[in-house]
Amino acid sequence: MQVKIKNAEEIAFMRESGALLAKVFTMLDGIVKEGISTLEINDKVEHYIRDELNARPASLGQYGYQFVLNSSINEVVCHGVPNANKILKGSDIVNLDITLEKNGFIADSSKMYVMSNASLMAKRLVKTTYEAMWAGIKTVKPGATLGDIGFAIQRLAESKGYSIVKEYCGHGIGREMHEEPNVLHYGKPSTGLVLKEGMTFTIEPMINQGKAKTKTRKDSWTVVTADKKLSAQWEHTILVTKTGYEVLTLRAEEQ
């Protein structure tokens, strides 16, 4: 496993990409609401990244993908495809997963948006998934392991009665969107790769209201829960520092 350790200059570039991506979500906070289509959200994000931030939407064209984000509503676990006919309803929860490249370095983050009439069960799932992501993030420091991250996420989610999606995981990130290592959201303490200062990777748990099993729709992109129950996801790009971690994509409301 060839994990790329970032030097000070590369970390500075990744900080900039992460800060710009956080601004994209600040912009979205003002427009994501009932009545907007996921394609309209996609187009606004593309315009903002290109024209306002002078950066590149890194997902566009990646693996042949034709959009700048994934929009995953309700039972969609990940990789939901923007569509002009997919209009957000008052009861929906939606994950917007966005990547941005600036100066050759990529940041990756996602956020859940909860519409005004979403159920209490939906809100609880979204809140727990966010807490699980942070439980994983807070284990990050030199000498900790990937198993420690996965264990912290799994323990919290399962203690609330939820299940962890195992087919999809976090990943190293830098000049490439997907670098080593894979960051699983389940695991055993003190197992797996030992973390070192200068590593950068995403933590992005997908947590299901029901069973963990998923299936992929005929479009070959959209992954949904097999039992059609809700799924939620949050994601940040993380740097391992000398003493712990830095969240490179930290948003204004989290600071």
Side-chain angles (χ1 to χ4, degrees), residues 20-53 57-60 62 65-100 107-133 162 165 168 204-210 214-236 249 251-254:
L20 291 178
L21 183 50
K23 288 185 177 182
V24 177
F25 288 100
T26 300
M27 180 275 291
L28 284 173
D29 291 346
I31 68 162
V32 177
K33 49 185 174 286
E34 298 98 291
I36 194 170
S37 76
T38 54
L39 184 62
E40 187 176 352
I41 295 170
N42 176 87
D43 293 348
K44 287 180 182 295
V45 168
E46 180 170 12
H47 165 75
Y48 188 77
I49 290 175
R50 290 188 188 279
D51 300 339
E52 301 294 329
L53 302 180
S59 296
L60 183 62
Q62 179 91 348
Y65 191 67
Q66 297 301 304
F67 302 91
V68 305
L69 56 79
N70 294 126
S71 50
S72 302
I73 302 172
N74 297 335
E75 77 279 5
V76 179
V77 175
C78 61
H79 304 159
V81 179
N83 188 312
N85 297 319
K86 189 65 72 173
I87 309 294
L88 291 184
K89 302 193 294 290
S91 59
D92 287 340
I93 59 173
V94 59
N95 177 271
L96 298 177
D97 188 346
I98 306 169
T99 61
L100 177 150
D108 189 357
S109 184
S110 82
K111 177 176 178 175
M112 293 296 300
Y113 287 87
V114 179
M115 299 301 104
S116 60
N117 293 321
S119 70
L120 287 175
M121 287 193 303
K123 291 175 180 176
R124 180 175 177 266
L125 172 67
V126 169
K127 181 174 183 284
T128 300
T129 305
Y130 185 72
E131 291 169 350
M133 175 190 68
Y162 300 123
V165 174
Y168 304 93
E204 48 180 300
M206 287 152 249
I207 295 178
N208 291 352
Q209 186 180 41
T214 68
K215 61 182 182 180
T216 304
R217 288 181 177 162
K218 290 179 181 177
D219 64 8
S220 299
W221 287 109
T222 307
V223 179
V224 298
T225 57
D227 60 13
K228 298 184 179 178
K229 292 188 176 180
L230 297 175
S231 186
Q233 180 190 19
W234 294 82
E235 176 183 13
H236 272 311
T249 47
R251 297 182 295 273
E253 76 269 15
E254 297 175 300

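Everything numeric here is computed off the predicted structure, so don't read it as measured data. Values below: all heavy atoms of this structure, side chains included; hydrogens, waters and symmetry mates excluded.
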4.5 Å side-chain heavy-atom contact, [X] and [Y]:
X	Y	value
Val165	Thr214	yes
Phe25	Thr249	no
Met133	Thr128	no
Thr216	Thr222	no

Would you say the side-chain atoms of [X] pair up with the backbone N or O of [Y], donor to acceptor, closer than 3.5 Å?
X	Y	answer
Glu75	Lys228	no
Thr99	Ser59	yes
Asp92	Asn74	no
Asp227	Lys229	yes

Mind listing the closest non-hydrogen atom pair of [X] and [Y] along with its distance?
X	Y	answer
Asn42	Leu69	OD1-N, 3.5 Å
Ser72	Gly80	OG-N, 3.2 Å
Ala22	Arg251	CB-CA, 4.1 Å
Val81	Tyr65	CA-OH, 3.7 Å
Ser109	His236	OG-ND1, 3.7 Å
Ile36	Ile31	CD1-O, 3.6 Å

>> Under the side-chain hydrogen bond (donor to acceptor under 3.5 Å, both in side chains) test against Ser110, which residue among Asp97, Asn95, Asn70 passes?
In response: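 When side-chain hydrogen bond (donor to acceptor under 3.5 Å, both in side chains) is applied between Ser110 and each of Asp97, Asn95, Asn70, only Asn95 qualifies.
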>> Walk me through whether Asn208 and Thr225 qualify under side chain to side chain donor-acceptor pair (under 3.5 Å).
In response: CA-CA 7 Å; Asn208 291 352; Thr225 57; 5.8 Å; no
>> Between Ser116 and Glu34, do the side chains contain a donor N or O and an acceptor N or O under 3.5 Å apart?
In response: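 Checked: Glu34/Ser116 side chains pair up, N/O donor to acceptor below 3.5 Å.
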> Between Thr38 and Asn83, is any side-chain donor less than 3.5 angstrom from a side-chain acceptor?
Replying inline: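 Note: Thr38 and Asn83 side chains miss the donor-acceptor criterion.
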>> Would Lys86 and Leu39 count as a side chain to side chain contact (heavy atoms under 4.5 Å, CB included) here? Give the steps.
In response: CA-CA 8 Å; Lys86 189 65 72 173; Leu39 184 62; over 6 Å; no
> Yes or no on side chain to side chain contact (heavy atoms under 4.5 Å, CB included) for Met112 and Ile93, after CA distance, side-chain angles and deciding distance?
Replying inline: CA-CA 7 Å; Met112 293 296 300; Ile93 59 173; 3.9 Å; yes
>> Check this for me: Lys89, atom NZ, are more than 12 non-hydrogen atoms of other residues, nucleotides or ligands nearer than 6.0 Å?
In response: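 No, the 6.0 Å shell around NZ holds no more than 12 heavy atoms from other groups.
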> Yes or no on side chain to side chain contact (heavy atoms under 4.5 Å, CB included) for Lys44 and Val68, after CA distance, side-chain angles and deciding distance?
Replying inline: CA-CA 10 Å; Lys44 287 180 182 295; Val68 305; over 6 Å; no
> Testing Glu204, Glu235, Glu253 for salt bridge (Lys or Arg N to Asp or Glu O under 4.0 Å) with Lys111, which one passes?
Replying inline: Glu253
Spatial distance of atom [atom1] ([X]) from atom [atom2] ([Y]) [nearest 0.5 Å]:
X	Y	atom1	atom2	result
Gln209	Leu230	CD	CG	4.5 Å
Ile207	Trp234	CD1	CH2	12.0 Å
Leu100	Lys23	CG	NZ	11.0 Å
Ser91	Met115	OG	CE	10.0 Å
Glu46	Ile41	CD	CD1	14.5 Å
Ile98	Ser71	CD1	OG	10.0 Å

>> Which residue in the set Leu20, Leu21, Thr26 passes side-chain contact (heavy atoms from CB on, under 4.5 Å) when paired with Val24?
In response: Leu21
> Please walk me through it: do Glu254 and Tyr130 pass side chain to side chain donor-acceptor pair (under 3.5 Å)?
Replying inline: CA-CA 12 Å; Glu254 297 175 300; Tyr130 185 72; 2.6 Å; yes
>> Run Trp221 and Phe67 through side chain to side chain contact (heavy atoms under 4.5 Å, CB included) and show every step you take.
In response: CA-CA 12 Å; Trp221 287 109; Phe67 302 91; over 6 Å; no
> Do Tyr168 and His79 have ring centres separated by under 6.0 Å?
Replying inline: yes
